Amino acid sequence: FDRKTVRHYLSLDRPPETPRTRNKPSKLDPYKPYILGRLEKYPRLSRVRLFEEIQEQGYEGKLTILGDYLRQVRPTVPTLPEYRYETKPGEMAQCDWAECLASHPSGLERKVNCLSMVLGYSRMLYVEFTLSRDIQTLLECHLHAFEYFGGIPEIILYDNMKSVVLKRKNPSTESDFHPAFVDLRDHFGFTARLCRPYRAKTKGKVERAIRYVKENFLYGREFNSLDELNLRTREWMDTANRRVHGTTHEIPFD
């Protein structure tokens, strides 16, 4: 504060009165019971997911209003900052499998495999669910991802998955790769690199993408079949890739 401001308040005979603020109605008020109900059943639902759901019900307010309210009803835990390794356009993608649970309307849950591939520069995301992780399934997922991206990155970074590498060596590009994978790699002309063992943050972009899929797409939704799951995944994926990314502050499709 300025010295003159401090002097002014010190000279007063009594403490200043705090002006009363009127409690104006918020555009979010009609949707708060719905939000609380969803959080009671699915406490980890993301702000973006809830924003999409109440928009479908007619909410016309901003995301920031919802965020302020969620901080009141669901305190967040601060996280330490991380340093990210950024790549040039078209230089690298990260690819990995994850095991997920898909909910059925009957209340049962089924284990499914999720293949995610993320372009390092734009953060454009491709996701596909399968019942197998064999080499044929992996190759088909790659073809679908390349078609979705409209091209092939120069380098793809993998975890040490069995369908890709038979024996790891240093440098990782000299490893013994699965022959069918080698055919795919050489046909499309990309370089395959492997993460350092037990270093999950080496492929942090795809790790965060998988967590995003689990929390923003799978959590709180129900699916009748694998076909329906992948159909709705494509719709969700198109929406996610048109949203401003939280790290790059750019739209992945752009």
Side-chain angles (χ1 to χ4, degrees), residues 21-79 98 100-107 109-110 112 114 116-119 121-129 144-145 148-150 205-254:
T21 57
R22 292 183 298 174
N23 293 324
K24 296 182 179 179
S26 168
K27 292 181 179 179
L28 191 64
D29 287 345
Y31 307 95
K32 288 180 179 179
Y34 173 80
I35 293 169
L36 292 174
R38 290 290 280 163
L39 290 177
E40 183 178 357
K41 188 175 182 180
Y42 301 106
R44 300 193 313 274
L45 275 179
S46 69
R47 178 184 61 166
V48 173
R49 173 72 175 278
L50 287 167
F51 182 65
E52 292 171 350
E53 292 183 4
I54 60 177
Q55 272 190 320
E56 293 176 357
Q57 299 176 28
Y59 175 65
E60 297 179 349
K62 295 183 178 180
L63 180 62
T64 52
I65 300 175
L66 175 60
D68 292 340
Y69 177 66
L70 290 176
R71 277 189 287 273
Q72 297 174 20
V73 298
R74 184 183 58 188
T76 56
V77 179
T79 56
C100 302
L101 291 175
S103 298
H104 190 271
S106 64
E109 291 184 324
R110 181 176 187 178
V112 291
C114 171
S116 297
M117 191 179 292
V118 181
L119 300 184
Y121 178 77
S122 67
R123 304 302 203 276
M124 189 173 174
L125 170 67
Y126 177 79
V127 180
E128 185 169 345
F129 291 94
H144 299 159
Y148 185 75
F149 290 144
K205 296 180 180 69
V206 73
E207 291 282 348
R208 284 187 292 274
I210 290 171
R211 185 170 68 243
Y212 182 57
V213 170
K214 289 181 177 180
E215 296 178 355
N216 190 270
F217 174 62
L218 283 177
Y219 189 64
R221 285 192 171 98
E222 297 173 342
F223 310 93
N224 288 291
S225 65
L226 183 68
D227 289 339
E228 181 192 349
L229 173 57
N230 277 314
L231 179 63
R232 292 173 65 183
T233 299
R234 177 60 68 98
E235 296 170 351
W236 173 84
M237 200 162 53
D238 290 344
T239 300
N241 285 320
R242 288 189 175 92
R243 187 180 298 125
V244 175
H245 193 275
T247 300
T248 65
H249 304 295
E250 300 287 346
I251 297 174
F253 268 155
D254 292 348

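Treat the numbers as computed from the prediction; the structure is a model and nothing was measured.
In this structure, OH on Tyr69 lies 6.0 Å from CD1 on Ile35, to the nearest 0.5 angstrom. Between the CZ atom in Arg110 and the OG atom in Ser103 there is a gap of 13.0 Å [rounded to 0.5 Å]. Expressed to the nearest 0.5 Å, how far OH of Tyr31 lies from CG of Leu36 amounts to 15.0 Å. Note that the SG atom of Cys100 and the CD atom of Glu109 stand 11.5 Å from one another [nearest 0.5 Å]. Distance check: Lys214 NZ to Leu101 CG gives 8.0 Å after rounding to the nearest 0.5 Å.
Contact detail for Met124 and Asn241: the closest heavy-atom pair is CA-OD1, 3.5 Å. Scanning both residues, Leu45 and Leu50, for their nearest heavy atoms gives CD1-CD2, 4.0 Å.
With Arg47 contributing its side chain and Leu63 its backbone, the two residues share no donor-acceptor pair below 3.5 Å. A donor-acceptor pair is defined here as one N or O able to donate and one able to accept, closer than 3.5 Å; no such pair exists between the side chain of Asp68 and the backbone of Ile65. Between the side chain of Arg123 and the backbone N or O of Gly246 there is no donor-acceptor pair closer than 3.5 Å.
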Could you give the side-chain donor-acceptor pairs of residues 216-233 under 3.5 Å, partners two or more places apart or in another chain?
| residue | atom | partner | partner atom | Å |
| --- | --- | --- | --- | --- |
| Asn216 | OD1 | Trp236 | NE1 | 2.9 |
| Asn216 | ND2 | Ser46 | OG | 2.8 |
| Arg221 | NH1 | Asn216 | O | 3.2 |
| Arg221 | NH1 | Phe217 | O | 3.0 |
| Asn224 | ND2 | Glu228 | OE1 | 3.2 |
| Ser225 | OG | Glu228 | N | 3.2 |
| Glu228 | OE1 | Asn224 | N | 2.7 |
| Glu228 | OE2 | Arg232 | NH1 | 3.1 |
| Asn230 | OD1 | Phe129 | N | 2.9 |
| Asn230 | ND2 | Phe129 | O | 3.0 |
| Arg232 | NH1 | Glu222 | O | 2.8 |
| Thr233 | OG1 | Leu229 | O | 2.6 |

Listed pairs under 3.5 Å, donor-acceptor, residues 55-62 side chains, sequence neighbours left out:
| residue | atom | partner | partner atom | Å |
| --- | --- | --- | --- | --- |
| Tyr59 | OH | Lys62 | N | 3.3 |
| Tyr59 | OH | Lys62 | O | 2.9 |

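Salt bridge present: Arg49 and Glu53 bring a charged side-chain N and a carboxylate O closer than 4.0 Å.
Residues Tyr126 and Arg234 have side chains in contact (heavy-atom distance under 4.5 Å, counting atoms from C-beta outward). The closest side-chain heavy-atom distance from Thr239 to Glu52 is below 4.5 Å. Between Lys32 and Asp29, the closest side-chain pair of non-hydrogen atoms falls below 4.5 Å.
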TODO: Starting from the C-alpha separation in whole Å, work towards a yes-or-no answer on side-chain contact (heavy atoms from CB on, under 4.5 Å) for Cys114 and Val127.
DONE: CA-CA 7 Å; Cys114 171; Val127 180; 3.6 Å; yes

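Residues Asp238 and Tyr148 have side chains that bring a donor and an acceptor to within less than 3.5 angstrom of each other.
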